[in-house]
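Proteins come first, then strands; the chains are lettered A, B, ... in the order of their sequence lines, and each starts at number 1. What you see is a predicted model, and the numbers here were worked out from it, not measured in a lab.
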Amino acid sequence: MNKKAGLITMILGVGLLPLAAGADPVDDLRKTVESQQQTIDSLKQQMDATANLIENGGLERSAASATPDTVVGGYGEINYNHYTDDSSRDMMDLRRFVLSVAHRFSDRLFFNGEIEWEHAIASAEDQGETEIEQAYLSYSLRPELTLTAGLFLMPFGFLNESHEPPNFYGVERNFVETLIIPSTWREGGVQLRGTTAVGIAWEAGVTTGFDIAHFDDASAPLAASHQELQMAKARDLSVYGALNYRGVPGLTVGSAVFTGNAAQGNADYTADNSLPDFAGADARVTLWDLHARWQPGLWDLQTVYARGSIGDAAQIDQVLQTYNAANGTALPYVPEAFYGWYGQVAYVLWRHENMSFAPFVRYEKYDAQSRMPAGFSADAANADRVTTVGFSFKPHPQVVVKADYQTFQDNSGNDRYDLGIGYQF
Amino acid sequence: MTRDSTHVRAWAGTTSCPLFSHLRLTALLLLLLIAAQPPAAGAKGVYQAPEDFVKEVFDGEVPPPQTLWLTQDIAQGAEKILGHPLRLLRVHYWAKGSRSAWILEETGKEQPITTGIVIDGGKVAQMRVLIYRENRGDEVRQPFFLDQFKGTGLTPDNELDRHIDGVSGATLSTRALTKLARLALFLNQQRHGSP
């Protein structure tokens, strides 16, 4: 009994000793928690500081300010054409290899440039070309108003401004937007561009124009006489305007017009009187287009109509006819009018993560010599109706593998299968 | 005859300066007149400062910013959405109740687009382009485009549960904003206490 009592007393004594000494276990627990919370807070601060150091070199910087001021990009395509009627025309070609540079001088002032190589090798003996496709400065006057000066793309159709391979259907660029709208069409000049909250985008500019003395290809009237800012004659400048409505997501409807004389003061003849004399001709070149695109869901419907004219064509062609007869040359004749249009339907049939597969069909009609001066006839080879059926497969949104078949109703000898790969970055 | 001398002789042969033909001069002067207006203050593509966006989202009573640390799983999920690694160790966000606000960036064509995204109840409640730095394609900052994201959620594959119609000529900007909406929804799912 005494042993039991002694043991109980001892246990109680030990247990009650802290109380007897005035200690509070709840208070101790609270102090321990507070101490641990301080340690946790300190560790969090250390982690944040470490993360800052790793992410931003110790500075408070956003990803945006970490973006370099100069960004290099590019696009390119390699195409293969197989002609069903004449395989001797089959060809595989590095159609274009383009590098672009964008530099940000400040939050308002940018430079954009593009250099393009076509057909792999550019030299005196080869058919390749090296050209500057764009080189302009852009200044943001206000968020919705931008002033641009330099060499820039003209806002006609869709392809001219959006011609990277993943952005258009078909291995080859469509005929309307190459033979009628001379993509990639660029001029040197000044441009003002604006957008509005309701989705209207407008553009206007004063630029260099065409040089009718350089007309050398009846199949593409404007591509034959564009100057591309290569020591471009600027005696006759041109003006243009464009209006687009994008206020409904997926819908774009727009139009553009360009006009300016192309006689350039008869400069070539003035410098060399062995050349054709176009004195008295203004050769006003006018081109206008209507375009629309609607992308509801996985559908992509697109149409472009473009029409152009060259003033004083009769006078110019009379001069050329006389010149050809006197010199034994075969300089092509200038049309009074030319036009083209197309309708295209595509559908994204399959998608998985970043990959997609989209078949398409396009019908286009063009005539590069829809009206010739009296006494001058058009070449049937310069007009056609073309149906293109094919697909685009994208293993990545910026890479595309294309295939299509094209039938030419009026020049069936051009029927062909096309394959191509393209990229943009 | 070289091209240079051709150019010089052509100029010497004219009797009047061609630059001053009526129509072109008028157009050029008109353009320069419009351009010569003083630039709008703050007109640097900054439509709203991120801190002002957050204040607006929470009616001035901004909760303290919280941190979502990007564990391996979260980082992998983010990379799958963006198509490239998200080079951050953590993402800050603000949250009150079922509502969270995120400031995220993704490159359009060449420059990042800073975007504010509000998630409420697991759906996009609001999306706003705060800073747009690209040269073109700024239609994507307009309500007629961004309102499409309202009410979108995330599928089990981390895709948006509805199609977003793009803006022609702004494909890369459209894609960037779609990725940011997916990323915000995904990160919101990862935060502790998210609905």
Side-chain angles (χ1 to χ4, degrees), chain A residues 48 51 54-55 62-64 67 71 73 102 104 107-108 110 112 138 140-147 158 161-162 167 190-192 195 197-199 201 204-206 231 233-239 246-250 252 260 264-265 267-268 270-272 293 295-298 353-354 397, chain B residues 1 3-7 9-11 13-14 18-19 21 23-24 27-28 30-32 34-35 37 39-40 43-47 67 69 80 83 87-90 105 107 109-112 114 131-133 135-136 138-139 142-145 148 157 163-172 175:
Chain A
D48 278 339
I54 294 170
E55 287 173 351
S62 66
T67 303
V71 176
R104 179 180 61 185
D107 286 342
R108 290 181 192 268
F110 293 83
N112 280 90
S138 202
S140 176
L141 295 162
R142 47 179 57 87
E144 67 279 5
L145 193 62
T146 303
L147 179 68
F158 291 107
E161 288 186 300
S162 187
N167 294 334
V190 178
Q191 169 202 91
L192 204 55
T195 56
V198 296
V206 178
M231 298 175 71
K233 298 190 185 78
R235 191 265 189 196
D236 292 325
L237 297 180
S238 298
V239 294
R246 299 191 179 96
V248 174
T252 298
Q264 305 296 347
D268 282 6
T270 303
D272 179 359
R293 187 175 188 183
Q295 296 169 280
L298 300 175
E353 294 180 354
N354 273 337
Chain B
M1 181 86 48
R3 184 94 192 224
D4 276 331
S5 55
T6 299
H7 174 77
R9 289 182 68 170
W11 177 260
T14 57
L19 181 61
S21 73
L23 177 63
R24 262 77 70 189
L28 185 59
L30 200 60
L31 282 178
L32 292 175
I34 295 170
Q37 293 178 56
K44 298 179 178 182
V46 179
Y47 300 102
T67 302
W69 287 90
K80 249 189 142 186
R87 297 193 190 284
L88 297 171
L89 295 178
R90 69 258 156 96
E105 290 177 338
T107 299
K109 189 174 183 200
E110 289 140 6
Q111 298 292 332
T114 305
I131 307 174
Y132 190 83
R133 301 172 181 84
N135 255 342
R136 287 179 176 267
D138 64 340
E139 287 97 335
Q142 300 294 354
F144 65 74
F145 171 72
Q148 295 183 92
D157 294 332
H163 179 80
I164 301 294
D165 287 329
V167 175
S168 182
T171 307
L172 295 176
R175 195 173 296 140

- Query: What are the two closest non-hydrogen atoms of A/Gln295 and B/Asp165, and how far apart are they?
  - Reply: O-OD1, 3.0 Å
- Note on the structure: Here the pair of heavy atoms bringing A/Arg246 nearest to B/Ser168 is NE-O, 3.2 Å
- Item | Reported CD-to-CD distance for the pair B/Gln142 and A/Glu144, which is rounded to 0.5 angstrom | 9.0 Å
- Query: CZ of A/Arg104 to CZ of B/Arg133: how many Å apart, nearest 0.5 Å?
  - Reply: 7.0 Å
- Student check: side-chain heavy atoms of B/Tyr47 and A/Pro143 closer than 4.5 Å: yes
Between [options], who has the most heavy-atom pairs with chain B when the cutoff is under 4.5 Å?
options                               : result
A/Ser138, A/Pro249, A/Gly250          : A/Pro249
A/Ala201, A/Ser162, A/Gly199, A/Gly73 : A/Gly199
A/Gly247, A/Pro296, A/Ala102          : A/Gly247

- Could you tell me which portion of B/Leu172 (side chain, backbone, both or neither) has an atom closer than 4.5 angstrom to a non-hydrogen atom of chain A? side chain
- Item | Partners passing side-chain contact (heavy atoms from CB on, under 4.5 Å) against B/Pro143 (at least two apart in sequence or in another chain) | B/Asp147
- Message: Going by the rule side-chain contact (heavy atoms from CB on, under 4.5 Å), which residues pair with A/Glu161 if we only count those two or more places apart in sequence or in a different chain?
- Response: A/Leu153, A/Pro155, A/Glu203, B/Arg136
- What part of A/Thr252 gets closer than 4.5 Å to chain B, counting heavy atoms only: side chain, backbone, both or neither? side chain
- Among B/Lys80, B/Arg175, B/Gln148, residue most engaged with chain A (heavy-atom pairs, under 4.5 Å): B/Arg175
- Task: Dump the intermediate steps for side chain to side chain contact (heavy atoms under 4.5 Å, CB included) on A/Val71 and B/Gln111, then the final yes or no.
- Result: CA-CA 8 Å; A/Val71 176; B/Gln111 298 292 332; 4.3 Å; yes
